[in-house]
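Start at 1 and go down the list; that is how both ligands and their atoms are numbered. Computation of the quantities below employed the complete heavy-atom set of this structure, encompassing side-chain atoms and omitting hydrogens, waters and symmetry-equivalent molecules.
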Amino acid sequence: MISARDLHKRFGHVEVLKGVSLDMGKGDVIAVIGPSGSGKSTFLRCLNHLETIDRGRIDIEGETLVDTDAQGHCRYVGDADIRRICRKMGMVFQQFNLFPHMTVLQNVIEAPITVKRLRREQILPTAERLLAKVGLAEKHASYPSQLSGGQKQRVAIARALAMEPDIMLFDEPTSALDPELTGEVLRTMRQLAEEHMTMLVVTHEMNFAREVANRVIFMDQGELIEDAPAGEFFANPCHPRTRAFLQSML
Ligand code: ADP
Ligand code: MG
């Protein structure tokens with residue numbers, strides 16, 4: 001579903017990704033863990049073109065989004081292809097990013113109408129089903145300001161799903177939530193995983209990584225240090241930096 005090869009990214013003089021590679025199959029649920037500033041968000045954002053890479057190659061579902069030629073020039077496909085390819089991925093952010101002036105329902109149907117050109121009545125049944133799925137059917141007329149953080153994040157998940165993505169990217173979806181609200185969001189994500197959604201999840205929730213992810217990767221200082229099945233990763237981490245990080249999370 002995703003093949004990332006030797007991704008390099010710098011912001012000014014800071015090399016934020018130093019050759020990150022990852023292969024993700026259909027139905028994989030991969031947890032990305034690592035210290036703050038290690039490049040986790042940048043990695044996710046490069047995959048769906050919220051950031052450009054400087055070098056490397058990204059294929060999404062067998063289609064090349066960007067590649068680098070022998071001279072080291074990084075080449076993206078055309079804008080229309082970028083949009084089409086990146087639409088296969090939905091993203092959920094730490095800060096929800098809901099449209100504040102729109103109701104819950106409007107938030108969910110906005111992109112299908114404006115991007116996919118669906119008519120309101122075509123997308124409404126899907127939107128209602130998705131809101132029911134995340135446990136918010138009765139909130140369809142509420143505004144984001146009237147919701148708890150956990151409810152907002154579940155709307156954000158429903159909104160991403162309304163575009164019918166094949167892959168979901170989550171960037172610390174519970175980090176902005178009060179502890180008592182993380183459970184409801186993690187349950188929604190667990191349910192998605194059980195339905196075999198392909199998911200790449202940056203998280204500090206070690207129990208989620210252990211119980212829901214089939215693979216865990218550890219990033220540190222712009223490098224992917226460890227990539228292992230979840231059980232192995234926690235039982236027997238190979239790299240000393242992974243061990244130190246896991247110790248610090250206890
Ligand atoms: P993480 O998500 O693991 O905390 P990030 O990918 O957000 O890490 O950041 C990695 C590094 O890149 C940090 O040093 C951060 O300050 C820097 N960085 C991220 N985004 C930008 C940006 N838009 N401009 C400049 N530096 C950035
Ligand atoms: Mg981050």
Side-chain angles (χ1 to χ4, degrees), residues 2-22 24 28-58 60 65-66 74 76 82 86 89-98 149-150 152-153 156-157 160 165 167-179 181-182 185-186 189 199-210 212-213 215-228 230 233-234 237 239-250:
I2 297 181
S3 163
R5 279 282 143 272
D6 198 30
L7 303 193
H8 289 257
K9 173 69 179 177
R10 55 170 66 242
F11 289 112
H13 294 299
V14 186
E15 198 173 12
V16 176
L17 298 180
K18 303 173 184 166
V20 173
S21 298
L22 178 76
M24 214 178 158
D28 269 348
V29 177
I30 301 185
V32 184
I33 68 174
S36 176
S38 56
K40 307 179 298 295
S41 294
T42 304
F43 176 50
L44 250 63
R45 294 171 62 82
C46 286
L47 292 178
N48 71 350
H49 197 59
L50 293 175
E51 299 283 358
T52 55
I53 57 169
D54 301 323
R55 188 146 61 83
R57 171 172 174 156
I58 299 173
I60 305 295
L65 174 69
V66 56
C74 192
Y76 276 87
I82 289 177
C86 290
M89 292 171 279
M91 183 139 173
V92 173
F93 302 88
Q94 186 176 339
Q95 294 298 340
F96 327 124
N97 296 2
L98 295 177
K152 282 184 215 177
Q153 196 57 299
I157 293 171
I167 303 163
M168 285 285 284
L169 309 176
F170 293 86
D171 191 358
E172 299 200 30
T174 60
S175 293
L177 301 177
D178 293 333
L181 300 178
T182 59
V185 172
L186 293 173
M189 293 168 62
M199 296 164 60
L200 188 57
V201 185
V202 177
T203 186
H204 293 294
E205 297 284 343
M206 293 301 136
N207 285 332
F208 179 86
R210 194 191 315 266
V212 182
R215 256 165 81 197
V216 182
I217 66 181
F218 175 66
M219 287 183 67
D220 193 20
Q221 297 176 26
E223 293 175 304
L224 203 161
I225 301 285
E226 190 143 350
D227 177 349
F233 184 94
F234 289 106
H239 202 286
R241 277 195 262 170
T242 315
R243 274 182 241 137
F245 179 75
L246 289 176
Q247 280 294 325
S248 75
M249 297 298 285
L250 292 177

Ile30 pairs by side chain to side chain contact (heavy atoms under 4.5 Å, CB included) with which of Val201, Asp227, Val216, Leu22? Leu22
Could you check atom 5 (P) of ligand 1 against the protein and tell me its nearest heavy-atom contact, residue, atom and distance included? Thr42 OG1, 3.6 Å
At what distance is the nearest protein heavy atom to atom 3 (O) of ligand 1, and which residue and atom is it? Lys40 NZ, 2.8 Å
Considering only heavy atoms from C-beta outward, does the side chain of Ile60 approach that of Ile167 to under 4.5 Å? yes
Verify atom 16 (O) of ligand 1: protein non-hydrogen atom under 4.0 angstrom away: no
Tell me: protein heavy atom nearest atom 4 (O) of ligand 1, and distance? Gly37 N, 2.7 Å
Among all protein heavy atoms, pick out the one at the shortest distance from atom 7 (O) of ligand 1; state its residue, atom name and that distance to 0.1 Å. Ser41 CB, 3.7 Å
Close approach, Gly34 and ligand 1, non-hydrogen under 4.0 angstrom: no
Under 4.0 Å from a heavy atom of Pro35: give me the atoms of ligand 1 that qualify, with their elements. 3 (O)
Given side chains that start at C-beta, do those of Lys40 and Glu172 come closer than 4.5 Å, heavy atoms only? yes
Taking atom types as modelled, find out whether Ser41 and Asp171 have a side-chain donor-acceptor pair closer than 3.5 angstrom. yes
Would you please test Arg45 and Phe43 for side chain to side chain contact (heavy atoms under 4.5 Å, CB included) and show each step? CA-CA 5 Å; Arg45 294 171 62 82; Phe43 176 50; over 6 Å; no
Any N or O on Phe11 sitting closer than 3.5 Å to an N or O of ligand 1? no
Hey, is Arg241 close enough to Asp220 for a salt bridge, meaning N to O under 4.0 Å? yes
Is Gly222 close enough to touch ligand 1? Criterion: a residue heavy atom under 4.0 Å from a ligand atom. no
Measuring to protein heavy atoms, does anything land under 4.0 Å from atom 25 (C) of ligand 1? yes
For a quick check under 3.5 Å, do Thr242 and Glu226 share a side-chain donor-acceptor pair by atom type? yes
Among all protein heavy atoms, pick out the one at the shortest distance from atom 8 (O) of ligand 1; state its residue, atom name and that distance to 0.1 Å. Gly39 N, 3.2 Å
Quick check on the Mg ion (ligand 2): does Ser41 put an N/O/S atom closer than 2.8 Å to it? yes
For Val16 and ligand 1, does the shortest N/O to N/O distance drop below 3.5 Å? no
Ser38 heavy atoms, cut-off 4.0 Å: which ligand 1 atoms fall inside? 1 (P), 3 (O), 8 (O)
Between His204 and Thr174, is the side chain to side chain contact (heavy atoms under 4.5 Å, CB included) condition met? List the steps. CA-CA 9 Å; His204 293 294; Thr174 60; over 6 Å; no
Does a side-chain heavy-atom distance below 4.5 Å link Val20 with Glu223? no
